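Working notes for the structure below.
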Amino acid sequence: MKKVYTCFCTDIIHEGHLNIINEAKKYGEVYVGILTDEAMIKFDRFPTITFDERIELVKKIGGIKDILIQDKIMYDDIIKTLRPDYVIHGDNWKSGKLKPIRDNVERALNEYGGKIIDVPYTYSERVKRIDAQIKEKLAMPEYRRKRLKQLLSLRPIVKTIEVHSGLTGLIAEKTVVEHDGEFDQFDAMWISSLCDSTAKGKPDIELVDMTSRFRTIDDVMEVTTKPIIFDGDTGGLIEHFVYTVRSLERMGVSAIIIEDKTGLKKNSLFGNEVVQTQDTIEHFCEKISAGKKIRLTDDFMIIARIESLILEKGMDDALMRARAYVNAGADGIMIHSRKKDPQEILDFCRAFRESDKTTPIVVVPTSFNTITENELAENGVNIVIYANQLTRSAFPAMEQTAIDLLKYHRAKEVDSRLLPIKDIISLIEEL
């Protein structure tokens with residue numbers, strides 16, 4: 001009997017999958033691969049059921065020779081092991097983001113004469129409805145809220161990008177890149193105080209109130225499924241902070257990061273160029289504890305941001321605060337620096353990890369931008385936040401377009417660098 005292989009990346013079996021299986025049976029014994037959670041997260045979406053439950057779904061189909069674990073989105077390793085005569089898949093992988101996977105399969109099969117079977121993709125209202133239901137489930141607060149903690153257990157480092165609108169949320173949600181045979185995408189989204197304020201034309205001094213900032217969260221949540229980390233600035237008064245925690249948790253936000261400063265907030269990258277007052281350890285710990293007490297679930301994380309290195313208070317002060325904040329209940333520590341050299345960040349991470357192996361460490365490599373995610377992960381970092389790059393890249397592009405429109409008195413000169421409006425609209429799904 002010839003071997004036929006197919007791989008499923010789904011939380012539900014519908015007629016499209018059954019059609020693949022039935023076609024496969026015509027060619028030989030059917031082997032089905034199940035993508036691991038880690039592989040799904042890097043390429044497609046977060047699973048709504050466990051890996052074991054996905055295996056049980058396939059077992060119920062019947063007529064399958066064996067179920068295999070596929071731990072990479074690319075097929076070459078499993079093809080080398082199984083050496084199937086055929087690999088079968090819907091023909092939707094002949095173009096678009098799936099094409100590199102098909103190319104990988106084709107190269108692997110060509111080494112010994114295996115063949116690809118492209119089956120017409122199943123388009124139906126029921127399949128469309130099932131896909132929409134999965135997405136809606138991923139977007140629901142009770143599922144979205146806990147996803148950051150789940151990602152921390154699955155990913156070597158959680159990649160997070162700043163968003164400040166529904167459109168930037170869609171960019172974070174849908175951007176998937178294939179590079180050197182690997183797929184990757186962002187894991188989470190950062191609602192930045194700086195970028196939210198900037199998008200509204202306001203200074204970054206906590207001027208935009210929480211009601212307005214929650215509106216931004218609503219806009220993003222309405223069109224995305226990925227977990228959200230909220231920039232809570234100083235957290236404000238303890239009496240106000242507890243309400244913020246309760247509201248964010250109810251909305252489905254996964255975490256809030258608050259910084260240990262008091263008074264009128266100034267951006268940390270100014271350092272000592274402006275007057276900035278660091279909170280006392282005792283008062284900030286009281287704020288953390290108050291937030292933890294008001295939580296209704298263990299899913300919501302309160303992460304303490306330490307400004308000691310920014311304010312040149314020294315490594316000992318940063319480490320002392322980190323340990324105190326964890327003891328007060330902080331679910332993570334964000335350490336920040338405005339130096340271009342990442343060494344002091346790495347020194348902090350190594351020293352902190354000597355006594356604390358588990359508390360997540362968050363970094364924002366805006367200034368020290370030469371360091372890679374792998375290097376950060378190797379030094380104990382769990383979450384990396386690209387905190388303002390979308391905003392900073394958009395502004396010069398828009399400004400130059402405005403200048404050229406005024407300069408040439410027509411739109412022809414700017415057209416070559418504009419994205420076709422239909423490409424932008426294609427990001428937005430209709431119900």
Side-chain angles (χ1 to χ4, degrees), residues 1-47 51 54-55 57-58 61 63-124 127-128 130-131 134-135 171 173-186 423 426-427 429:
M1 290 288 288
K2 293 186 179 294
K3 297 177 181 177
V4 188
Y5 181 72
T6 189
C7 180
F8 285 167
C9 176
T10 184
D11 295 340
I12 190 167
I13 301 297
H14 54 61
E15 59 258 43
H17 303 108
L18 297 177
N19 182 46
I20 291 284
I21 295 295
N22 290 331
E23 283 296 313
K25 288 177 182 178
K26 297 176 183 178
Y27 293 87
E29 293 179 325
V30 181
Y31 295 77
V32 177
I34 306 295
L35 274 185
T36 61
D37 290 351
E38 293 89 337
M40 281 186 67
I41 290 164
K42 290 184 72 173
F43 166 70
D44 188 50
R45 60 185 171 216
F46 203 95
F51 179 72
R54 296 202 300 279
I55 289 177
L57 280 178
V58 175
I61 296 174
I64 293 171
K65 175 67 174 179
D66 199 7
I67 296 174
L68 307 177
I69 297 173
Q70 184 168 328
D71 58 8
K72 287 170 41 179
I73 191 63
M74 293 302 187
Y75 287 49
D76 45 336
D77 287 348
I78 207 154
I79 287 175
K80 287 176 184 176
T81 302
L82 181 64
R83 292 183 68 83
D85 298 280
Y86 303 100
V87 171
I88 188 168
H89 193 284
D91 62 3
N92 59 319
W93 72 345
K94 295 175 76 172
S95 62
K97 73 174 186 176
L98 295 176
K99 189 175 185 301
I101 302 175
R102 189 186 189 281
D103 293 342
N104 171 267
V105 170
E106 189 172 37
R107 285 192 297 270
L109 291 175
N110 283 344
E111 292 186 7
Y112 60 88
K115 297 184 181 299
I116 292 176
I117 302 171
D118 295 311
V119 177
Y121 188 79
T122 302
Y123 293 97
S124 72
V127 171
K128 182 179 177 181
I130 288 171
D131 287 341
I134 291 174
K135 182 178 178 182
I171 291 172
E173 180 86 1
K174 297 191 175 187
T175 303
V176 181
V177 172
E178 185 269 332
H179 181 66
D180 290 339
E182 290 283 342
F183 278 85
D184 216 347
Q185 61 179 310
F186 292 104
D423 291 352
S426 68
L427 284 173
E429 298 176 2

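We count residues from 1, following the sequence as given. Everything numeric here is computed off the predicted structure, so don't read it as measured data. Basis for what follows: all heavy atoms, side chains included, without hydrogens, waters or symmetry-related copies.
Contact record, Pro100 with Phe183: CB-CZ, 4.1 Å, taken as the closest heavy-atom pair. Between His17 and Ile12, the shortest heavy-atom contact is CE1-O, 3.3 Å. Residues Pro47 and Ile41 approach most closely at CD-CG1, 4.3 Å, considering heavy atoms. The shortest non-hydrogen separation linking Gly63 to Lys25 is O-CE, 3.7 Å. Between Ile69 and Ile78, the closest heavy-atom pair is O-CD1, 3.7 Å.
Here CD1 of Ile88 is found 9.0 Å from CG of Asp118. Values are rounded to the nearest 0.5 Å. Atom-to-atom distance recorded for Cys7:SG and Ile101:CD1 is 9.0 Å, nearest 0.5 angstrom. Here the straight-line distance linking atom CD1 of Ile67 with atom CZ of Arg54 works out to 12.0 Å at 0.5 Å rounding. For the atom pair Tyr121 OH and Leu98 CG, the distance stands at 9.0 Å (nearest 0.5 Å). Expressed to the nearest 0.5 Å, how far CD1 of Ile61 lies from CG of Asn22 amounts to 9.0 Å. Between the OH atom of Tyr5 and the CG atom of Leu109 there is a distance of 11.5 Å, given to the nearest 0.5 Å.
Counting only distance, with no hydrogens or angles, the side chain of Arg102 and the backbone of Ile116 share no donor-acceptor pair below 3.5 Å. Side chain of Asn104 to main chain of Tyr75: a donor-acceptor pair is present (N/O by atom type, distance under 3.5 Å, no hydrogens or angles). No side-chain donor-acceptor contact under 3.5 Å links Thr10 to the backbone of Ile13. Side-chain atoms of Gln185 come within 3.5 Å of backbone atoms of Phe43 as a donor-acceptor pair (strictly under, hydrogens ignored).
Under a 4.0 Å N-O distance rule, the pair Asp85/Lys115 does not qualify as a salt bridge.
You'll find the ring centres of Tyr86 and Tyr27 inside the 6.0 Å limit.
Taking the six-membered ring for Trp and thresholds of 30 and 60 degrees, His89 and Trp93 have nearly parallel ring planes, at less than 30 degrees apart.
Results of the side chain to side chain contact (heavy atoms under 4.5 Å, CB included) test with Pro84 over Thr6, Val105, Ile79 single out Ile79 as the only residue that passes.
Residue pairs satisfying the salt bridge (charged side-chain N to carboxylate O under 4.0 Å, His left out) criterion with at least one member in residues 91-101, sequence neighbours excluded, are listed as follows: Lys99-Asp103. Residue pairs meeting the salt bridge (charged side-chain N to carboxylate O under 4.0 Å, His left out) criterion with at least one partner in residues 2-24, sequence neighbours excluded, are Glu15-Arg126, Glu23-Lys26. Applying the salt bridge (charged side-chain N to carboxylate O under 4.0 Å, His left out) definition to pairs two or more places apart or across chains, those involving residues 177-186 are Lys42-Glu182, Arg155-Asp184, Lys159-Asp184.
Cation-pi check for Arg83 over Tyr112 is met; the charged atom lies under 6.0 angstrom from the ring centroid and within 45 degrees of its normal.
Side-chain atoms of Ile64 and Tyr31, non-hydrogen and from C-beta on, never get closer than 4.5 Å to each other. In this structure, Asp66 and Val32 have side chains that are not in contact, with every pair of non-hydrogen atoms separated by 4.5 Å or more.
Residue-environment remark: NZ (Lys65) stays at or below the threshold of 12 foreign heavy atoms within 6.0 Å.
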Audit row: Arg107, Asp76, salt bridge (Lys or Arg N to Asp or Glu O under 4.0 Å) steps and yes/no:
CA-CA 8 Å; Arg107 285 192 297 270; Asp76 45 336; over 6 Å; no
Would Ile34 and Leu68 count as a side-chain contact (heavy atoms from CB on, under 4.5 Å) here? Give the steps.
CA-CA 6 Å; Ile34 306 295; Leu68 307 177; over 6 Å; no
